Amino acid sequence: MPFALTRAIPNTFANATMQVATAIDVALARTQHTQYVSALSFLDMVTRTLPADDQYPDCCFVEDCAVIANGAALITRPGAVSRRGETPAVRRALASHPLIERIEALDAPATLDGGDCMHIGDRMFVGRSLRTNEAGVARLRKMFHDLTIVEIPLAEVLHLKCVCSPLGEDRVLLARGTIPPEVFRGLDVVLIPNGESYAANCVAHAGKVILAEGYPETRTELEQRGIATIAIPMSEIRKADGSLTCLSLII
Ligand code: CIR
């Protein structure tokens, strides 16, 4: 059974880095986070939620703190200085997990956010964003030398997974008009309208998907392929420029 690590919403969440809308309702964000954790159970995952740390308003976005593949975890050095102190708690939690055999950490000047990394099959796609630099990508290559690392230049979005996410081992969900589909050669690319690009970030496992509420065309695209969906409200998480994958690290 897969394991998902999450971290609670801190009291300081309204001060999150890179907000895309104002007036975050922290209490509502907590309700939405609880719904997210319950939805992970719909995907048959075992969950563990770390306590929040009010020193770090973005600490619920654990995805950015590590990249996990094939039993190895690379602890990142987040691109936003305000987020660098989030990683030790995540490292401790991963270190005690029986499926993690190797843990290494990024050193300065490298920066890398987990939201820029997407592992599908024998490839790891990595976005070169404002958060992930060349040294970060080089370290990723070294750590995951058994995978083919495919670098994707990014503009206009915070992270790679703002516009795409894995739908299993051979399929990817992608917002039309963002990354050229040819980048995902050999995969079944499920294109969704650019107007629904927020829904391109979903959490998939075992033929089921959690997606953000309010994206009917994406939901239909998925269900037409026989994928069971659960849609959850994400309004407050989104205001902090967060989406579904950002809230968990899955082993
Ligand atoms: C940040 O600016 O880092 C946070 N407010 C949002 C992080 C979202 N994480 C993700 O997409 N992986």
Side-chain angles (χ1 to χ4, degrees), residues 4-26 28-30 32-33 36 40 50 52-69 73-87 89-90 94 106 111-120 124-133 136-137 140 152 154-166 172-175 178-179 197-204 210-212 232 234-250:
L5 183 71
T6 61
R7 194 167 188 183
I9 304 276
N11 294 317
T12 51
F13 187 56
N15 302 326
T17 312
M18 267 301 289
Q19 297 182 23
V20 294
T22 51
I24 296 176
D25 179 335
V26 179
L28 184 54
R30 285 211 171 97
Q32 294 178 347
H33 189 265
Y36 175 80
L40 291 172
L50 298 177
D53 182 341
D54 287 345
Q55 270 188 281
Y56 301 105
D58 298 282
C59 67
C60 55
F61 298 122
V62 283
E63 172 182 57
D64 294 317
C65 293
V67 182
I68 301 171
L74 179 62
I75 305 300
T76 65
R77 184 168 174 268
V81 178
S82 58
R83 301 197 55 195
R84 301 244 164 103
E86 294 174 27
T87 56
V90 171
L94 294 179
L106 223 65
T111 63
L112 179 78
D113 277 11
D116 276 325
C117 301
M118 181 169 71
H119 177 206
I120 304 185
M124 176 84 77
F125 299 92
V126 55
R128 273 282 273 113
S129 68
L130 288 175
R131 299 285 178 90
T132 295
N133 66 16
V137 176
L140 191 77
I152 304 176
L154 289 180
E156 292 168 25
V157 289
L158 178 63
H159 288 131
L160 173 67
K161 279 187 274 187
C162 290
V163 292
C164 58
S165 55
V172 65
L173 188 62
L174 174 66
T178 58
I179 297 165
S197 67
Y198 186 71
N201 181 289
C202 70
V203 177
I210 309 171
L211 79 162
I232 60 168
M234 288 291 288
S235 65
E236 303 314 295
I237 308 292
R238 187 179 187 177
K239 287 178 187 171
D241 213 356
S243 33
L244 289 157
T245 63
C246 323
L247 293 173
S248 58
L249 274 167
I250 294 168

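Indexing begins at 1, ligand by ligand and atom by atom, following the structure's order. Only a predicted model underlies this, so the values are computations on that prediction, with no experimental measurement involved.
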#### Entry: Side-chain (Arg84) to main-chain (Pro78) donor-acceptor, under 3.5 angstrom
yes
### Query
Do the non-hydrogen side-chain atoms of Leu158 and Asp113 ever get within less than 4.5 Å of each other?
no
### Query
Among protein heavy atoms, which lies nearest atom 9 (N) of ligand 1, and at what distance?
Asp64 OD2, 2.8 Å
### Task
Provide the number and element of each atom of ligand 1 under 4.0 Å from a heavy atom of Met18.
2 (O)
#### Entry: Nearest-neighbour protein heavy atom for atom 12 (N) of ligand 1, which is reported as residue plus atom name and distance
Glu63 OE1, 2.7 Å
### Query
Should Arg131 be listed as contacting ligand 1, given a heavy-atom distance under 4.0 Å as the test?
yes
### Message
Applying salt bridge (charged side-chain N to carboxylate O under 4.0 Å, His left out) to Glu86 and Arg7, what does each step give before you reach the verdict?
### Response
CA-CA 10 Å; Glu86 294 174 27; Arg7 194 167 188 183; 5.8 Å; no
### For atom 6 (C) of ligand 1, closest protein heavy-atom neighbour
Ala240 O, 3.3 Å
### Message
Among all protein heavy atoms in this structure, tell me which lies nearest to atom 4 (C) of ligand 1, with the distance rounded to 0.1 Å.
### Response
Asp58 OD1, 3.2 Å
#### Entry: Atom pair CZ (Arg131) and CZ (Arg77), whose distance is rounded to the nearest 0.5 Å
13.0 Å
### Message
Among all the protein's non-hydrogen atoms, which is closest to atom 8 (C) of ligand 1, and how far away is it?
### Response
Asp241 O, 3.4 Å
### Summary
Taking only non-hydrogen atoms of His159 and a 4.0 Å limit, the atoms of ligand 1 in range are 9 (N), 10 (C), 11 (O), 12 (N)
### Task
Drop me the distance from Cys246's SG to Asp64's CG, to the nearest 0.5 angstrom.
6.5 Å
### Query
What is the closest protein heavy atom to atom 10 (C) of ligand 1, and at what distance does it sit?
Cys246 SG, 2.8 Å
### Task
Rounded to the nearest 0.5 Å, what's the gap from OH on Tyr198 to CZ on Arg238? Could you check?
6.0 Å
### Query
Which bit of Lys161 gets closer than 4.0 Å to ligand 1, counting heavy atoms only: side chain, backbone, both or neither?
neither
### Query
Is it true that the side chains of Ser129 and Asp116 contain a donor and an acceptor less than 3.5 Å apart?
yes
